[in-house]
Structure formats: C-alpha cells, structure tokens
Amino acid sequence: MAIAKRSVQFSFDPKTLDRKWQDRWSNDKLYHVADTSEKQNWFEMTMYPYPSGDTHIGHWYAMAPSDAHARFRRMQGYNVLHPMGFDSFGLPAENAAIRRGIHPYKWTMDNISNMKKQFYSMGTIYDWDREVNTCQPDYYKWNQWFFLKLFENGLAYRSNAPVNWCGQCQTVLANEQVINGKCDRCESVVIHRDLEQWFFKITNYAEELLSFDKVIDWPEKIKTLQENWIGKSFGVQVKFDLSHLQISTPEIETFTTRIDTLFGVTFIVLAPEHNLVSELTTPDNKEKVEKYINTTREYSEIERLSTERDKTGVFTGSYATNTINGNKVPIFIADYVLMQYGTGAVMGVPAHDQRDFEFAKKYDLDIIRVIAKNKNDTESLEEAYTESGILTNSGKFDNISNEEAKIKIAEHLEQLNLGIRTTTYRLRDWLISRQRYWGTPIPIIYCGDCGIVPVPEKDLPVILPPDAEFKPTGESPLKYHPEFINCKCPNCGNDAERETDTMDTFVDSSWYFLRYPNPKYDNAPFDLNKLKLWNPVDQYTGGAEHAVLHLMYSRFFVKALRDIGLFKFDEPFLRLFNQGMIIANHQKMSKSRGNVIAPDDYVLEFGADVVRIYLMFLGPWDQGGDWIDSGINGMARWINRVWNISTINSNKFTLTKENQDLTRTTHKLIKNVTEDIDRFKFNTALAFMMEFTNYLNQISENNNATPEQWNFAIKSLLLLLAPIAPHITEELWELTGNQYSIHNQSVPSFNPKLIEDETTTLVIQVNGKVRDTIEVGINTEKEKAEEIALSSEKIQPYLVNQAINRIIYVPDKLVNIVIK
RNA sequence: GCCGAGGUGGCGGAAUGGUAGACGCGGUGGACUUAAAAUCCAUUGUCCUAAAAGACGUGCGAGUUCGAGUCUCGCCCUCGGCACCA
C-alpha cells in the first residue's frame, strides 16, 4: 500500500537524527537498567509479541505509548525496568516449516532479529541484556521445572478429554487451528475425540481468582470478564432415587440453581458421557442410545457452535423418583447437558427453563407449572416462565415466594439428606497438552512397569530435538522421532517412552515477568533476591484480547508458585492498562483488504518521532484509534514548528519584566501534561503541547518575554515531549546548549501558586442561556458579580418588564439570572 | 440471548453538572512566489441574515435541575467478549 507522502519541508533530517541518537544511546548503554540504585524501582511491562516476522502498526501502537510512559516514569525519578522479549513458541513457525521447509528455529530467530532492528528504529528504552526468548532451552527448561513442581503438588494431572480432531489430517488440532469449525489446513469439518491430556488444576484457585483485593488498579471491564469466565453460581445438588432399579448406585445427583422449581421436575437429562448411562439404558433402548452417543461424540464444531440448534435427546428406558413428591420421571440423555459442568445431570423443569421447555415440547413431556406470576395465574405457557413468583403445585411450599422457597426447600432436603447446597464454577481446568512440535516438551516418561514417571530435575531440560522431520501429514514430528521417544525409565531403568506432546504456549507467558529480572540465571527460574527487587510488576499494558486467558493463567501461576513456597506475593500485575485497537482509515486492518499500515515506510519518510506522536495523538489510548493517512502530516508540521521555535535565539527577547501570562501558561502546561501522561492520556497531553507551541509563536512575534522565561518555556516543552519524541528532543536539547542526555533529566515541576489566574471569564446567562461573557477579577464577591451581570448592556433587554426570580452565582464561572 | 464499551461538525477526536466542538486533519479565501510546493494569516456545526442579533444543535423519547453531551428511566444503532454453564 502506498503511504502518505510527506508534504512538510523539515528543518532537519529525521533519518539522520534517528540514527545518530539511537546509536549514541546504544553505545552509551543509556538505557541499561541496574538492579539497584538510589532510586526506587519501577517495573513497567508491555505484553511481549509473537515474532511473526514484521512489526506492524499494531505492535507500534502497543509499544510506543508504553515506552513513552516508561520513559516518563524514568524522568519522574524511578529506576525503570521496561524490558522486551519474544513469545517465540507457537504454530506459525511450524506451519512455515511444513509449507516452506524452513526449520521453525531458524524461521523464529530470523524473525526475532528483524523485529529487534525494527524496535531499535522506534527508539525504545528496552535493555536487550534482559531479553527473554521462550523457545530457547534455557527458558523452556523452567517451564518443565514448573511442570514438575505443579505435578509434585497435585496441580498437574493427566486425564481423558475431548480434543478437536481432523479426520482428513488424522490429527488433533489446537483450538486456534479450528476456524469456524473447520481445519485451518485442509478445511474439513472438525469433530471431537477423546485423548489422554495433561491439565493444570486452575479450578483449585477459582475462588481466589475471583478476588481482586491484592491488585491496585485494574480495569473493571477485565475483572468482570474474568468473573464471568469463572462463572460462580450457588445452587443445590439434589438426589433422585434409583433404588427400585437395583443398579450400582441408589441415586442420581443433579445440580440446580432453581431448587424452588423442584416440584416441577418432569424428566431427568444426563450428559451422553455420564457414567450411569449404560446401566440406566434398558435393553430395548440400547441400540438407540448407543447410536446417539456415537453421533454426539462425532458432532462437529459447526453444529455445536450453532445456537439455534434443535434440542435432541433419547430416552434410556429408565425412571427416577423425585423424592419430594414421589413422582416417577423418565431419564433421557441429551447433548445439551455438559458433562464438565455441575454433576453432568440436570433435572428437567420445562415450565421454568427455556431449554427444558423446548426439550419437553419436542418429546411430548409433561409441563408442570410451579411458579405463578400471582395467585390467579392459570395461563398456559407459550415459553418457560423464568421470572420470580409464588409457588404453586408444590405441596406444603405453596403460596410462598420462590426466593423464600429456594432456602426452605434446600433446608428441607438437607435435613432429609437428599440434597446439599453447593457452589459451582464454569471454570475448567487448563488443558496444556498440544500435539505439536514447536513447544516445550512435557517432561514425563511412560514406563510399562512404573507408569507415569516425571523426568528427574537433573535431567532437565528435555531438549526439543532439532533434527525432526516436517512432513505435511499434520502429525507432530516428535511422534516419528525414535531417539526422542525411546528412553530409559528413571525409576527402574527399563525401556520407556517419552511424552510427545508439548505445552500450550500460554505456559511460557504465565511467568515470563519473573524471568526479566534475571534472564540468564541458571540455578533456578529466578534469583529470589532479584525477583524481590522488581516483582510484582508495577504496571502492565497490553491488549484486552488477553483479558481472560493470559492474564488469568498468569494470576493462577503466581498463586500456585506462591503456595509451593517460591515467593510471597499474590498477584503478578499490580496495575493494568488495556490499550484499544488501532484501525486504518475507518477499517479494520487486514492483509486481504490491503490496508495494513507498514510502520517502517513511515519511519523512513517522517522519522520515528512523528510516527510515535501520531499514534499517541489519534485518540484516547484505551479506546483505540483510527490511523488516517493524511493526519500524519499534521504531526510533522507541528514537530517542525517545535524545532523552529526551539532554535530561536533567546537573546532576541528584550523584555526586562516577566510576562506573567507566559509564566502562568508554562506552569499550567507542566501540570496538565504531567497529569495526562501519568494516566496514559497522551492525546490530550499532546494537544496541550500543540496549543502551547501556537501560544509561543505569538509570544515570539510580539517579543513578549524575557530571555530567561523564554528559555524556561522551551526547556519545559522539550522535557515534557521527550518521552513521546525522544530523538528530536534530544537533538534540540543539545542545540539549546544543554547537557546530554535529556532522558536523564527530571520532569519539570510546576508551582501551583503561579498557575492561579488573575482574571476569569464570567459567563452571564438568562434562564440558562448564555447572553454575555465578561472578564472579571478572580474571587469576585457575589454581590459585585451580580451587579456586573445586571448592568451588562447585552443583558438589559432581557430584563425589561421581567421579575427576577433568583440569581445563581458560581464563583469565577457564571451568573445565571432566572426570570419568570 | 447475556456481559462490556461507545454513538458529539465533512473526518480523527476535546469537554470535574456551568461559554459544546479544545487540538489535529480536510475545505475555503488571502499573503509570499514567474508558477507551484512549503510556510504564514483569516475563516470553517446548521438555519436565517447584507451584517449584527437570533433560532436550532452531542443517536431517539421522557425526566431531574436555575442550567444536561455529562445525572435518572425507557428505546434504537455500532463495536468488542461470552455463548445450551442447569
């Protein structure tokens, strides 16, 4: 795509400037971060990228503002660690290997070196001595180490679980490889299969993850998203009697949040995977049931995703007894009941649950209304009644409110030992197995005699063999790598086999913030002394698309490692800020649309600073922005004006007495910009600076400053702009005779007393409509202000023959004359 | 369906309940120039008007208030996330 041409004639050459200062900073190790200093440490991170090969404007949009904020903290006197790394395991590398025959390692490392060059061209303060790269054995070794720790502590386990299966490729697919229910490689429909998989027991932490007491500042939105994901609900586990069937268990347990509707149960539904299904199925239903289970097992993603899908199910032939009223109800299986939630069994109350209602209609089951809108309510139901109401058809519980009944019936069941109040969560355990090559090998050995044997710590890392063969079969190359698979059991020494699955890459990102303080430490994942200096992270920034997965997994990791005793803190990220999405010319950017903004081209044309400024000016960072090509010239124009105005020789100013207004405006600028950058409001911070530049032009033209105050104004402007536009401000800092480097200076401070205005514009309203504005001294008395307002020539006509009801006075702001 | 964010000029966007449209883009007119670009100056919500003055104006409809883009209630639309969770 062609880029916007520069229409500005710069007074300087941005390309030369960028290079000059980037090299100087790099040679001087200006951004080297010591672990300790006389300053307070501040750990500010932005989410590390996947090394896709080319930085696009989205990377810049995430990184430039966070870099500016970190630089700003640095100038506020903190010792700032603002590191960068690469989330370098993952699918695209493997696909490149299969499609183009490039080894994932080479592909990844080439991309990383390219992206590092691009980050360098942005003028970021990343200290590359602290780089973290997750595909290196010295990093993923610790993934394996953590896995062993979690395993030892009962937080990692192996279990059978359904996976996405592509029949064409004969392999398992990760969720992200399933696009609209189809395989992303061969486009055939994906079905479900059961496989033995490894899980992390995140559900142990469901309750603690719901609490955000230990964070300082997180967006409400993200907290809510996590709360919804965890999905806590209160309900009752209630038993239905099966004793008459004489099978292995005398009862079946269901979970419900609507125990008040217990008298309305007309059927029971089990998930097809429920372990009682085979026992409950009577011989004459056997064929039907098995057929249903098989089709369910092979149900496609597409069907499952469809909301409007008909409820289907099949009768097992058996009945259960609802002990509260002795009713016999039929037992069905249906795939709308999920094995993973609650007990995998549901009591069907068609009158008060829409899904049950549809199911009952389809299979012609009874619908018994037990909650009435009011006492006279006898209407028949067109759909489930899910509102609150009064109990009916419910024996001794009739005529009480359903909210009351929830408690009464639960207590009743508990007394009879037929039910118990419980809490259930939607959150599932974290499935970490991936049937892929380019990831961390799971450090487990399977021995015919000893079973599951963890790889001993001393044998870590289990190295990913570099000489794997990549064939377009879709299967993990590790499955065909005998040297990798075959090994000796660490326990008994007999022949054994290695696990060939690798870990989900979210494992890598769940603790990388613990590695930045000591990326090369090799006795442990981290040196506790270093860790204490930096962690937890003071400020984290990144896209909201990671609201649940990455951010919740990281929280889980920290809590689990804390409980294992590795450190004491509870949360990984104390403050979180989510930037919005950047779009281009009103459209989402995509390769197919051909509207992807390539930052490199703009950097060559305009210089890094102009691109940085534009990204921060486009809109409020948290709400995203619209990159409109023509807009960038405005930033170039402005920065050129900053250049021109900064290079004016201050000796030309001949005023001997200070211009109070300039002093006031300069101090206001400092206040406003400081506050705005602090809260990531770069767009308004820049607007203030632009306004100030326009103002300085007037001052210069009218020669309305002393040399000293002019210098102070320019110096303040440069210092405030330095975090956002590091190259040009550094050059101007030098040109104006200051000492290298501007980035080692402090943010200028303002004097609140000097900000106070002497006069203010008083708005005069009549009945809330602005009729006049009058300049008055600050702190004008009410009586005086009213007098001024009433005597205004513009106001007079409105008051002729009018009775004044009252007068509102807001000091220093307005007078509102209320007439009839 | 549920949860969240949002709806303001031609465009991106500003506005602790107190002058709506800061700042920037784009447009128009002018200066400079042989000319153009760049730069600078002026102007730029709509209607009415020669102008002044005025009227209208923040998705729609009500309400609270001396005063509402901002608060309350009820709708409509857009974008993001979740989605048979019993």
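Every chain is numbered from 1, with letters handed out A, B, ... down the list of sequences. Just so it is clear, the structure is predicted and the values come from calculations on it, not from any experiment.
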Filtered N/O pairs between nucleotides 21-23 of chain B and protein, under 3.5 Å:
residue	atom	partner	partner atom	Å
B/A22	O2'	A/E691	OE2	3.4

Using a cut-off of under 3.5 Å, enumerate the N/O to N/O pairs linking the protein to nucleotides 79-81 of chain B.
residue	atom	partner	partner atom	Å
B/G80	OP1	A/K588	NZ	3.3

Taking N or O atoms only and anything under 3.5 Å, show me the protein contacts with nucleotides 63-74 of chain B, one pair per line.
residue	atom	partner	partner atom	Å
B/C66	OP1	A/R806	NH2	2.5
B/C66	O2'	A/N816	ND2	3.4
B/C66	O2	A/N816	ND2	2.4

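Among the atoms of the strands shown, none is found under 4.0 Å from any heavy atom of A/V349. Within the 4.0 angstrom heavy-atom criterion, only backbone atoms of the sugar-phosphate kind lie near A/L618; the bases stay farther away.
A straight line from NZ of A/K813 to P of B/G17 spans 10 Å, rounded to a whole angstrom. Here B/C25 presents its C1' atom at 11 Å from NE2 of A/H586, a figure rounded to the nearest Å. Counting to the nearest Å, the P atom of B/C82 and the CE atom of A/M552 are 12 Å from each other. If you take CG of A/L615 and P of B/G24, they are 18 Å apart, rounded to a whole angstrom. Note: CD (A/Q623) to P (B/A5) measures 11 Å, nearest angstrom. Taking atom CG on A/D626 and atom C1' on B/G10, their separation rounds to 14 Å, with Å as the unit.
Regarding the sugar-base torsion, B/G9 falls in the syn class, its angle being within 90° of 0.
Figure legend. B/C25 is base-paired to B/G10; pairs are counted as Watson-Crick or G-U wobble with both atom distances under 3.5 Å. The base-pairing partner of B/C40, taking Watson-Crick or G-U wobble contacts with both distances under 3.5 Å, is B/G30. The partner of B/C60, taking Watson-Crick or G-U wobble pairs whose two distances both stay under 3.5 Å, is B/G74. If you check B/C47 for Watson-Crick or wobble pairing at under 3.5 angstrom, you find it paired to B/G54. Pairing for B/A68 is absent, with no Watson-Crick or G-U wobble pair whose two atom distances lie under 3.5 Å. In this structure B/A20 sits in no base pair that meets the Watson-Crick or G-U test at under 3.5 Å. Pairing for B/A83 is absent, with no Watson-Crick or G-U wobble pair whose two atom distances lie under 3.5 Å.
Side chain to side chain, A/D260 and A/N402 meet the donor-acceptor criterion of an N or O pair below 3.5 Å. A donor-acceptor contact closer than 3.5 angstrom is absent between the side chains of A/Y809 and A/T780. A donor-acceptor pair shorter than 3.5 Å cannot be found between the side chains of A/Y385 and A/R369. For the 3.5 Å distance criterion, the side chains of A/T760 and A/D812 fail to qualify, holding no donor opposite an acceptor.
Between the A/D622 side chain and the A/G580 main chain, no donor and acceptor come within less than 3.5 Å of each other. A donor-acceptor pair is defined here as one N or O able to donate and one able to accept, closer than 3.5 Å; such a pair exists between the side chain of A/R612 and the backbone of A/P723.
Atom name P, nucleotides B/C11 and B/U65: the rounded distance is 36 Å, in whole Å. Distance noted for atom C1' between B/A42 and B/C32: 15 Å (whole Å).
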**Request:** Using a 4.0 Å cut-off on protein heavy atoms (strictly under), produce a 5'-to-3' string for nucleotides 37-46 of chain B with B for base contact, S for backbone-only sugar-phosphate contact, and - for none.
**Result:** BSSS------
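Atom OG1 in A/T693 sits 11.5 Å away from atom CG in A/N640 (nearest 0.5 Å). Taken to the nearest 0.5 Å, the NE2 atom of A/H546 stands 6.5 Å off from the CE atom of A/M47. The structure places CE of A/M616 at 7.5 Å from CG of A/L686, a figure rounded to the nearest 0.5 Å.
Between A/Y602 and A/W627, the gap from one ring centroid to the other is short of 6.0 Å. Between A/F606 and A/Y614, the gap from one ring centroid to the other reaches at least 6.0 Å.
Within the 4.5 Å cutoff, the side chain of A/P14 has no heavy atoms near those of the A/V610 side chain. Taking the side chain as every heavy atom from C-beta outward, A/M689 and A/V673 approach each other to under 4.5 Å.
Checked against A/P65 for a side chain to side chain contact (heavy atoms under 4.5 Å, CB included), the options A/F682, A/F680, A/W60 give a single hit: A/F682.
Legend: residues meeting ring-ring contact (aromatic ring centres under 6.0 Å, His included) with A/H274, ordered by chain and number and at least two apart, are absent. Residues satisfying the ring-ring contact (aromatic ring centres under 6.0 Å, His included) test with A/W430, not counting sequence neighbours, are A/F200, A/Y553.
With the nearest nucleotide of RNA chain B identified for both A/T256 and A/G634, A/G634 has the one nearer the 5' end. Remark on RNA chain B: of its neighbouring residues A/L814 and A/Y341, the 5'-side contact belongs to A/L814, judged by nearest-heavy-atom nucleotide.
Here B/C3 is the nucleotide among B/G13, B/C3, B/C84 with the atom lying nearest to any side-chain atom of A/T224.
For B/G57, neither phosphate oxygen OP1 nor OP2 lies less than 4.0 angstrom from any side-chain nitrogen or oxygen of A/K769.
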